[in-house]
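In this text the structure is predicted, and so the values were computed from the model without any measurement. No hydrogens, no waters, no symmetry mates; every other heavy atom, side chains included, goes into these values. Both counts, for ligands and for their atoms, begin at 1 and track the order of listing.
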Amino acid sequence: MSRTLFIADLHLCQQEPAITAGFLRFLQREATACEALYILGDLFESWIGDDDPNPLHQQVAEALSALTIPVWFIHGNRDFLLGKKFAARCGMQLLPEEQLLELYGHRVLIMHGDTLCTDDAGYLRFREKVHQPWLQRLFLRLPLWLRQKVAVRLRNDSQQANQTKSQQIMDVNQQAVEAVMERYQASLLIHGHTHRPAIHRLTVSDHPAERAVLGAWHQEGSMIQVDADGVSLIAFPW
Ligand code: LP5
Ligand code: MN
């Protein structure tokens, strides 16, 4: 079937087994009937290292590696530490934070979406810190229990910080969207992160363009399909 699928923001964790079950069903039903699957970040609620023996990770790795289509992964703000080792166990390829695809005659730019939220200065400062390679290396050398503790602390701080931020600050900045699409001459941008599923129309370099936003899997599944007819956003029960 000539279609390519995109998902993001599943936030898989042991506390939400129904979402994991829905993801495994999605892999069997949908991902077997497409050309490629792109996971645009926040597949996991948090990631503290490929050496975490969490059985959920093994379950996901087995299901993904059973697929015969190519699977690609872009890091999110929760699972930016997911490394080559775990990717190899899943049989998926890691992509840089921005990737241009040529699909069925469309120039499609894909990313997680957090870097488009340029009004969220607090987040961008946080991101810059935790993306420093030396800090990541240091963190990954800590014992697992301590990494776990840091992750819980960061999640709590983040939730608290988000309560004081406006919805507008936590959405994408329109200038940032237009600038990155112009840079790649993309007619379609696909991202997640904001949890505001929609297909927006806009103009980029005087041409009509679209921005397709994936939904989070909190209440239902969300995927974006690209084929020769264009882009569609599909919600489905897990
Ligand atoms: O994730 P979500 O939806 O709650 O909010 C995000 C932004 N928050 C984050 C933080 C993550 O949730 C934390 C994930 C932990 C992953 C595993 C640990 C790995 C540690 C690695 C160390 C090298 O991404 C949130 C955005 C929101 O999206 C909307 O876009 O607003 O941003 C924040 O909340 C950031 C705050 O503004 C500042 C957070 C305070 C933390 C300060 C500590 C900084 C020092 C870090 C050094 C370890
Ligand atoms: Mn995110």
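Listed by atom number, the atoms of ligand 1 under 4.0 Å from His193 heavy atoms are 28 (O), 29 (C), 30 (O). Numbered from 1 in the order shown, with element, the atoms of ligand 1 that lie under 4.0 Å from a heavy atom of Trp47 read 17 (C). Per-residue contacts place Gly122 under 4.0 angstrom from the following atoms of ligand 1 (heavy atoms of the residue considered): 37 (O). Heavy-atom contacts of Leu81 reach the following atoms of ligand 1: 19 (C), 21 (C) (cutoff under 4.0 Å).
For the Mn ion (ligand 2), protein N, O or S atoms closer than 2.8 Å were enumerated as Asp42 OD2, Asn77 OD1, His112 NE2, His193 ND1, with waters left out.
Heavy atoms of other residues, nucleotides or ligands lying less than 6.0 angstrom from CD of Gln168 number 12 at most.
At least one donor-acceptor pair under 3.5 Å links the side chain of Arg3 to the backbone N or O of Ala33.
Looking only at heavy atoms of the protein, atom 26 (C) of ligand 1 is closest to Asp120 OD2, 3.4 Å. Scanning the protein heavy atoms around atom 6 (C) of ligand 1, the nearest turns out to be Asn77 ND2, 3.4 Å.
For Arg211 and His191, the side-chain atoms include at least one donor-acceptor pair closer than 3.5 Å.
Within the structure, ligand 1 has Lys165 among the residues with a heavy atom less than 4.0 angstrom away. Contact analysis leaves Asp114 out of contact with ligand 1, as no non-hydrogen atom separation drops below 4.0 angstrom.
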| message | Before you tell me yes or no, could you show the steps for Asp114 and Asn77 under side-chain hydrogen bond (donor to acceptor under 3.5 Å, both in side chains), namely the whole-Å CA-CA distance, both residues' side-chain angles and the distance that decides it to 0.1 Å? | response | CA-CA 7 Å; Asp114 55 333; Asn77 58 300; 5.9 Å; no
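We find that Arg155 and Glu45 are joined by a salt bridge, their nearest charged nitrogen and carboxylate oxygen being less than 4.0 Å apart.
When each of Asn162, Asp171, Asn173, Ile169 is paired with Asp120, the side chain to side chain contact (heavy atoms under 4.5 Å, CB included) condition holds for Ile169 and for no other.
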